[in-house]
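What follows is a short report on a single structure.
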Amino acid sequence: MITLKGIKKSFYNGKKKVEVLKGIDLYVAKGEKIAIVGPSGSGKTTLLNLVGGLDKPDEGVLLWGDKPIDFQNEEVLTQYRKSQIGFIFQFYHLMPELTVFENVILPGLMAGWRRNDCYQRGEELLRRLNLFDKASSKIYVLSGGERQKVAIARALFLKPQLLLADEPTGNLDTDSAKEVIKLILELNQMHNLTLMLVTHNMSLAQKMDKIYLLKEGFIVEYNHSHTEEITS
Ligand SMILES: Nc1ncnc2c1ncn2[C@@H]1O[C@H](COP(=O)(O)OP(=O)(O)OP(=O)(O)O)[C@@H](O)[C@H]1O
Ligand SMILES: [Mg+2]
């Protein structure tokens, strides 16, 4: 479903060039679920941003199916982001002053859906996530786990093919983390949703089909039996 070939990305820290991704090759099949692990600052979020069309690579190609993504064409890129990708950000990126419901339906409103369709889809998702009783609550009164679920609902709103999740359990206690993991796995099973998760949570990583380690600019597949080495 998605193929990365020779992806490179650098940033400038003042005048100093920092090469974050030095040539990433990766293939993720439809319905596959993968985890990306690696030290802080290794470029995990950078990589997800590229796959999600939120940033442009300096070099290399990204194929969606067999079609290269044209990073120069803003219109195509926006369409790709909206129609194919659900993004769960590392720090939620919710609108604190809006209600749960408003946050969830925002992608629909921005995509020009009719209000009634937005309401229907919003209700369906919140019920599914057991969060409908909080629909009219403001984000700032919610717990971390509840916020994470709102972020998931919003990411799923437009029925993406690929879910990108950056530390989906990073800010959660064990119980909320378990619940969120269960939910993400169900989505993968029921809707054949392809998953790319960045996580430090090894029990989550081990539930994926494959684990990749991102380190020093390159990515390598990691055998499940080696996972202890990653955490240490
Ligand atoms: N927009 C940017 N401008 C400058 N430097 C950046 C930018 N985005 C990321 N970086 C740098 O690139 C490197 C990789 O950052 P990234 O956020 O991808 O790491 P990460 O693996 O997600 O880390 P963490 O586990 O802490 O979330 C870091 O050194 C960071 O400072
Ligand atoms: Mg990150």
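Just so you know, ligand 1 is whichever comes first in the structure, and atom 1 is the first atom listed for that ligand. What you see is a predicted model, and the numbers here were worked out from it, not measured in a lab.
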Between CD of Glu19 and CZ of Phe11, what distance do you get to the nearest 0.5 Å?
-> 12.5 Å

Top protein contact for atom 22 (O) of ligand 1, by heavy-atom distance | Thr45 OG1, 2.8 Å

State whether any protein heavy atom lies less than 4.0 Å from atom 18 (O) of ligand 1.
-> yes

Identify, by atom number and element, the atoms of ligand 1 in contact range of Val20, meaning under 4.0 Å from any of its heavy atoms.
-> 12 (O), 13 (C), 14 (C)

When you measure from the side chain of Asn103 to the backbone N and O of Thr99, does any donor-acceptor pair fall under 3.5 Å?
-> yes

Can you tell me if Thr46 and Asn49 form a side-chain donor-acceptor pair at under 3.5 Å?
-> no

Val18 to ligand 1, any heavy atom closer than 4.0 Å = no

Distance-only, no hydrogens or angles: does the Lys22 side chain make a donor-acceptor pair with backbone N or O of Phe218 under 3.5 Å?
-> no

Nearest neighbour in protein (non-hydrogen) for atom 27 (O) of ligand 1 = Gln90 NE2, 2.9 Å

Check the angle between the aromatic planes of Tyr119 and Phe101 and answer parallel, tilted or perpendicular using the 30° and 60° thresholds.
-> tilted

Hey, is His200 one of the residues with a heavy atom under 4.0 angstrom from ligand 1?
-> yes

Below 3.5 angstrom, do we get any N/O pair linking Tyr12 and ligand 1?
-> no

How long is the span from the CE atom in Met190 to the CG atom in Leu187, to the nearest 0.5 Å?
-> 7.5 Å

Which residue and non-hydrogen atom of the protein lie closest to atom 25 (O) of ligand 1, and at what distance in Å?
-> Lys44 NZ, 2.7 Å

Is the Mg ion (ligand 2) less than 2.8 Å from at least one N/O/S atom of Thr46?
-> no

Check: Asp209 side chain, Lys33 main-chain N or O, donor-acceptor pair, under 3.5 Å | yes

salt_bridge(Glu123, Arg128) N-O dist < 4.0 Å | no

Answer with yes or no whether the side chains of Ser203 and Asn201 bring together a donor and an acceptor at under 3.5 Å.
-> yes

Short N/O distance, under 3.5 Å, between Thr46 and ligand 1?
-> yes

Taking only non-hydrogen atoms of Ser40 and a 4.0 Å limit, the atoms of ligand 1 in range are 23 (O), 24 (P), 25 (O), 26 (O)

Identify whether the distance between the nearest side-chain nitrogen and carboxylate oxygen of Arg154 and Glu102 falls below 4.0 Å.
-> no

Enumerate the atoms of ligand 1 whose separation from the nearest heavy atom of Pro39 is less than 4.0 angstrom.
-> 21 (O)

Protein heavy atom under 4.0 angstrom of atom 13 (C) of ligand 1, is there one?
-> yes

So which protein heavy atom does atom 10 (N) of ligand 1 come closest to, and at what separation?
-> Phe11 CD1, 3.4 Å

For Gly41 and ligand 1, answer yes if some heavy atom of the residue is under 4.0 Å from a ligand atom, otherwise no.
-> yes

